[in-house]
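Below is one structure, written out as structure tokens; comments come after it.
We count residues from 1, following the sequence as given.
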Amino acid sequence: MVNLNLFGSVLPTIVLSQLMAEQGYGSIINISSMASKQSITRVLGYSMAKAGIDIFTKWMAEELATKFSDKIRVNAIAPTFLLAIKTEKF
């Protein structure tokens, strides 16, 4: 779970950020999850991986802006989940 969800974002971000550093601009959008902010039962590895993406994204944004250009953006979006509630008609 961690290999896929964390390193599946970290490795492409590192590779693509090298190209963006050379050209001086670019945008990376990582996929996080609200599971990184709130614990959810039975998905510890997923939550850990997404929390890792959150901090990696913040670190990478600062690193690239400081070292190369403030025209390189690194952001993450964090979709949430909805619990399906069964309702009965009266």
Output yes when a side-chain donor or acceptor of K50 lies under 3.5 Å from a complementary backbone atom of I31, and no otherwise.
yes
Find out whether Y46 and S33 are in side-chain contact, i.e. whether some heavy atom of one side chain is under 4.5 Å from a heavy atom of the other.
yes
Measure across P79 and S32 and return the closest heavy-atom pair with its distance rounded to 0.1 Å.
CD-O, 3.4 Å
Find out whether M20 and L64 are in side-chain contact, i.e. whether some heavy atom of one side chain is under 4.5 Å from a heavy atom of the other.
no
Smallest heavy-atom separation, A51 atom then S36 atom, equals N-CB, 3.4 Å
Would a distance-only check, ignoring hydrogens and angles, find a side-chain to backbone donor-acceptor pair under 3.5 Å from S69 to Y25?
no
Check this for me: I29, atom CD1, are more than 12 non-hydrogen atoms of other residues, nucleotides or ligands nearer than 6.0 Å?
no
Residue pair N5 / A49: nearest heavy atoms and the distance that separates them:
CB-CB, 3.6 Å
Within one Ile-Leu-Val-Met-Phe-Trp-Tyr cluster: L6 and L44, side-chain cutoff 4.5 Å
no
Rounding to 0.5 Å, atoms OG (S47) and CE (M34) come to a distance of 11.0 Å
Thinking salt bridges, do K67 and E63 make one under a 4.0 Å N-O criterion?
yes
Are F68 and I14 in one and the same hydrophobic cluster, where Ile, Leu, Val, Met, Phe, Trp and Tyr link if side-chain heavy atoms are under 4.5 Å apart?
yes
Over all heavy atoms of both residues, which pair between S17 and M60 is shortest? Give the atoms and the distance, please.
OG-CE, 3.6 Å
My understanding is that only one of N75, I53, I77 makes a side-chain contact (heavy atoms from CB on, under 4.5 Å) with N30; could you say which?
I53
Any side-chain heavy atom of V15 within less than 4.5 Å of one from L11?
no
